[in-house]
Amino acid sequence: GFPISDDAGKKYGWKTIPRILKYSSNVGTMIVIDEHYVKKGKAEAFLKKLNSMGIDADHHVIPGAAKSKLKTKEQLKNWKGEALWMAVGYGISVTPMNMVTFYNAIANGGKMMRPRLIKEIQRDGHAVERFDSEVAFEQIASPEAIADITQCLIGVVNSEGGTGVRAHSDR
């Protein structure tokens, strides 16, 4: 019920998800979530999808560390706009560990590995204890969706005007 804008009112034409991601558009993101979830009365399905992708999973990496928090089903029922604000990061918290783990899953073809800080403990050059890799989520999205989002994220970094161009590297 009120206007919002990106970058002091710049209009980029939010026709495609690659463009929404390239320009980090909150407006575009909200439009997509509104059309595919909120207007269809499925705000809770959006929350369920985020949960199924492990964005708020507690990987038990650091005891006592902060945990990611999304909106609750009750909050989404009380006001449908909560899903829109959640989609752009307002009123929620996602820990840096969860964010890195999520993007790592995309880079890993959709398989989310439980983060680990220590691979092994050695004494006098010999392994005393090993910590094997553990799968947290076998597949956070379909292989096609992972391939599509990977190309979108490459565009954010490699295409002119992308908000991630400063992260570009020839390596």
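All residue numbers refer to positions in the sequence shown, counting from 1.
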Would you kindly confirm whether I55 and M30 end up in one hydrophobic cluster when ILVMFWY residues are joined by side chain heavy atoms under 4.5 Å apart? yes

Hphob cluster co-occupancy, Y103 + I149, side-chain heavy atoms under 4.5 angstrom: yes

Rounded at 0.5 Å granularity, tell me how far OG in S93 sits from NZ in K67. 11.5 Å

Taking the side chain as every heavy atom from C-beta outward, state whether R116 and E134 have any atom pair closer than 4.5 Å. no

side-chain hydrogen bond (donor to acceptor under 3.5 Å, both in side chains) involving N26 - partner list, sequence neighbours excluded: none

If I take atom CG from residue N98 and atom CG from residue D58, how far apart are they, to the nearest 0.5 angstrom? 8.0 Å

Set of ring pair (Phe, Tyr, Trp, His ring centres under 6.0 Å) partners for Y90, sequence neighbours left out: W85

Min side-chain heavy-atom separation L76-F46 under 4.5 Å: no

Could you tell me whether the side chain of R114 and the main chain of H60 form a donor-acceptor pair under 3.5 Å? yes

Expected output: side-chain S159 to main-chain G162 donor-acceptor under 3.5 Å: no

Are V100 and V157 grouped together when hydrophobic residues (ILVMFWY) are joined by side-chain heavy atoms under 4.5 angstrom apart? no

So, taking the atom named CG in D170 and the one named CG in N158, what distance separates them when rounded to the nearest 0.5 Å? 9.0 Å

For the residue pair I140 and I146, establish whether any side-chain heavy-atom pair is separated by less than 4.5 Å. yes

Taking all non-hydrogen atoms of both residues, which atom of F137 and which atom of A57 are closest, and how far apart? CE1-CB, 3.9 Å

Interatomic distance, N108 atom CG to K111 atom NZ [nearest 0.5 angstrom]: 7.0 Å

Considering only heavy atoms from C-beta outward, does the side chain of K42 approach that of K48 to under 4.5 Å? no

Can you find a pair of side-chain heavy atoms, one from L117 and one from F131, that are under 4.5 Å apart? no

Between atom CD1 of I92 and atom CD of E82, what is the distance when rounded to the nearest 0.5 Å? 11.0 Å

Going by atom type alone, with no hydrogens or angles, which donor-acceptor pairs under 3.5 Å involve a side-chain atom of residues 31-39 and a protein atom two or more places apart or on another chain?
none

Smallest heavy-atom separation, K71 atom then M86 atom, equals N-SD, 3.5 Å

Under 4.5 Å between side-chain heavy atoms, hopping through other hydrophobics if needed: is there a path connecting V94 to V61? no

Surrounding CD1 of I17 (heavy atoms of other residues, nucleotides or ligands, distance under 6.0 Å), is the total greater than 12? no

Decide yes or no for S52 and K49: does some side-chain heavy atom of the first lie under 4.5 Å from some side-chain heavy atom of the second? yes

Find out whether T101 and M112 are in side-chain contact, i.e. whether some heavy atom of one side chain is under 4.5 Å from a heavy atom of the other. yes

Do M99 and I106 sit in one hydrophobic cluster, given that two such residues count as connected whenever their side-chain heavy atoms are within less than 4.5 Å of each other, even indirectly? yes

Gap between atom NZ of K22 and atom CD1 of I154 - 0.5 Å precision: 14.0 Å

Do you know which two heavy atoms are closest between G109 and Q139, and how far apart they sit? O-NE2, 2.9 Å

Minimum heavy-atom separation for S133 to M113, with atom names? CB-CE, 3.7 Å

What pair of heavy atoms forms the shortest contact from S68 to D56, and how long is it? CB-CA, 3.7 Å

